[in-house]
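Residue indices begin at 1 and follow the sequence shown.
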Amino acid sequence: MSTTDSSRPLPIEVSATPEEAGAAAGRAAADVLARVLGERDRARVIFASAPSQEQMLATLGGDPRIDWARVDSFHMDDYLGLDPAHPAAFGTWLADRLPSSALPTLDRIRVDGEAEAEIARYTARLAEAPIDLVCCGIGVNGHIAFNEPGDTDFASPEAVRLIELTHASRQQQVDEGLFPDLAAVPTQALTLTVPALVGARTLVCTVLGTAKSRAVADTVAGPVTEQVPATALRGHRDVVLHCDAAAAALLPEPA
């Protein structure tokens with residue numbers, strides 16, 4: 001990963017509440033897009049679709065500096081075998097939370113066709129120009145996008161791939177109220193790979209809640225390992241992790 005150096009610490013901003021952490025992340029993301037749009041005609045951003053991103057997206061979407069007609073938006077994963085109109089489909093979830101002015105330039109991952117064809121299409125779209133910003137989260141098992149422990153390659157030559165979801169990732173969707181039970185959660189997804197995410201110029205990562213505290217501690221203070229995919233964020237030249245107090249609860253005390 002040419003944009004990373006695992007010897008660098010991961011910058012962290014801890015806020016007291018989820019709302020404050022999400023708002024801080026949203027302001028940071030808005031600053032990035034405003035700066036890019038001040039320098040160039042268009043900006044390119046990849047979004048996560050998860051409850052941890054709600055306040056971040058609300059804050060970003062309400063920033064008057066952003067001309068969304070000049071922002072090409074993508075998302076980082078979506079389920080196979082789920083009706084694209086389902087409210088838990090990540091493309092739908094994101095579209096419901098972005099400003100209406102952002103929707104004409106949102107390119108959703110298509111999950112209602114042949115997976116290999118969509119992998120090729122989305123890979124080509126991502127390769128058209130550098131990605132300016134990734135707004136991501138971290139899963140309870142340390143995944144980023146749907147790059148799962150034990151099924152992640154930090155040096156993958158692919159930008160998009162088909163993945164089998166772990167039990168932990170599927171259960172997280174139930175615990176966060178996105179599906180009624182485990183049987184309703186799809187078992188496969190298309191996901192952007194780690195290199196596709198950390199290759200962006202800037203990353204704004206938002207992680208909230210006690211359930212994520214172990215993953216946050218492992219990401220920040222554990223070894224850099226594909227068993228904790230989020231550790232790939234370590235050392236990126238322009239990344240900040242925004243946490244609420246609950247998500248930061250297991251972080252080691254500063255030396």
Side-chain angles (χ1 to χ4, degrees), residues 3 19 21-79 82-113 117-137 144-145 159-160 190-193 195-206 236-240 242:
T3 59
E19 294 75 18
R27 290 191 296 271
D31 287 345
V32 172
L33 290 183
R35 182 177 70 248
V36 172
L37 292 173
E39 296 170 348
R40 300 199 309 278
D41 182 59
R42 303 197 66 79
R44 287 162 62 85
V45 57
I46 297 170
F47 290 107
S49 304
S52 63
Q53 308 298 303
E54 292 257 15
Q55 184 61 57
M56 185 281 294
L57 287 168
T59 301
L60 172 60
D63 194 301
R65 296 175 295 169
I66 310 304
D67 178 1
W68 287 97
R70 297 168 55 202
V71 178
D72 295 318
S73 300
F74 304 89
H75 61 121
M76 57 185 61
D77 46 13
D78 215 334
Y79 301 107
L82 189 67
D83 185 339
H86 191 289
F90 287 161
T92 295
W93 188 97
L94 181 60
D96 287 345
R97 287 158 178 81
L98 285 173
S100 59
S101 56
L103 301 187
T105 53
L106 169 64
D107 191 340
R108 291 181 54 166
I109 297 172
R110 301 171 188 168
V111 293
D112 52 354
E118 180 58 7
I119 287 171
R121 185 194 75 84
Y122 219 64
T123 296
R125 286 286 284 121
L126 293 170
E128 289 176 358
I131 300 297
D132 298 295
L133 173 66
V134 163
C135 296
C136 65
I144 50 173
V160 186
L190 297 183
T191 184
L192 273 63
T193 62
L197 298 174
V198 301
R201 290 179 172 133
T202 301
L203 288 89
V204 174
C205 186
T206 310
H236 189 282
R237 292 169 188 153
D238 190 3
V239 58
V240 178
H242 292 268

- Message: So which atom in Ile66 and which in Ala30 form the shortest heavy-atom distance, rounded to 0.1 Å?
- Response: CD1-O, 3.6 Å
- To the nearest 0.5 Å, tell me how far Thr123 OG1 sits from Glu118 CD. 9.0 Å
- The complete set of ring pair (Phe, Tyr, Trp, His ring centres under 6.0 Å) pairs with one or both residues in residues 34-74, sequence neighbours excluded, reads Phe74-Tyr122
- Indicate yes or no for a side-chain donor-acceptor contact from Thr202 to the backbone of Leu133 under 3.5 Å, with no hydrogens or angles considered. no
- Mind listing the closest non-hydrogen atom pair of Ala43 and Val36 along with its distance? CB-CG1, 3.6 Å
- Query: Taking atom CG of Asp77 and atom CG of Leu190, what is their separation to the nearest 0.5 Å?
  - Reply: 9.5 Å
- Message: Looking at every heavy atom in both Pro104 and Ser100, which two are closest together, and how far apart are they?
- Response: CD-O, 3.5 Å
- Residues which pass salt bridge (Lys or Arg N to Asp or Glu O under 4.0 Å) with Asp72, listed by chain and number, not counting sequence neighbours: Arg42
- Under 3.5 Å donor-acceptor, His75 side chain and Ile109 backbone: yes
- Message: Strictly by salt bridge (Lys or Arg N to Asp or Glu O under 4.0 Å), give each pair with a member in residues 56-65 just once, sequence neighbours left out.
- Response: Asp31-Arg65, Asp63-Arg65
- Task: Report the C-alpha distance between Val71 and Val45 in whole Å, list the side-chain angles of each, state the deciding distance to 0.1 Å, and finish with yes or no for side chain to side chain contact (heavy atoms under 4.5 Å, CB included).
- Result: CA-CA 7 Å; Val71 178; Val45 57; 3.6 Å; yes
- Message: Minimum heavy-atom separation for Ala89 and Pro84, please, with both atom names.
- Response: CB-O, 3.6 Å
- Applied to residues 99-108, the salt bridge (Lys or Arg N to Asp or Glu O under 4.0 Å) test, sequence neighbours excluded, yields Asp107-Arg121, Asp107-Arg125
- Verdict with supporting geometry, Leu94 and Leu57, side chain to side chain contact (heavy atoms under 4.5 Å, CB included): CA-CA 9 Å; Leu94 181 60; Leu57 287 168; 4.0 Å; yes
- Note on the structure: All heavy atoms of Thr191 vs all of Ala145, minimum pair found to be OG1-CB, 3.2 Å
- Query: Does Gly91 offer a backbone N or O that forms a donor-acceptor pair with the side chain of Asp78 under 3.5 Å?
  - Reply: yes
- From SG (Cys135) to CG (Leu60), nearest 0.5 Å: 6.0 Å
- Task: Without swapping roles, check the side chain of Thr206 against the backbone of His242 for a donor-acceptor pair under 3.5 Å.
- Result: no
- Gap between atom CZ of Arg70 and atom CZ of Arg44 - 0.5 Å precision: 15.0 Å
- Message: Within the 4.5 Å heavy-atom criterion, are Asp83 and Thr92 side-chain neighbours or not?
- Response: no
- Item | Within residues 85-105 or reaching into it, pairs that qualify as salt bridge (Lys or Arg N to Asp or Glu O under 4.0 Å) - sequence neighbours excluded | Glu54-Arg97
- Would you say Gln53's side chain and Ala48's backbone share a donor-acceptor pair under 3.5 angstrom? no
- Supply the atom-to-atom distance Ile131 CD1 to Leu197 CG, rounded to the nearest 0.5 angstrom. 9.5 Å
- Hey, what do you get for OG (Ser73) to CG (Leu33), rounding to the nearest 0.5 Å? 8.0 Å
- Query: Can you list the residues that meet the ring pair (Phe, Tyr, Trp, His ring centres under 6.0 Å) rule with Tyr79, with sequence neighbours excluded?
  - Reply: Phe90, Phe146, Phe179
- Could you pull out the closest heavy-atom pair between Leu98 and Ala102, with the gap in Å? CB-CB, 4.1 Å
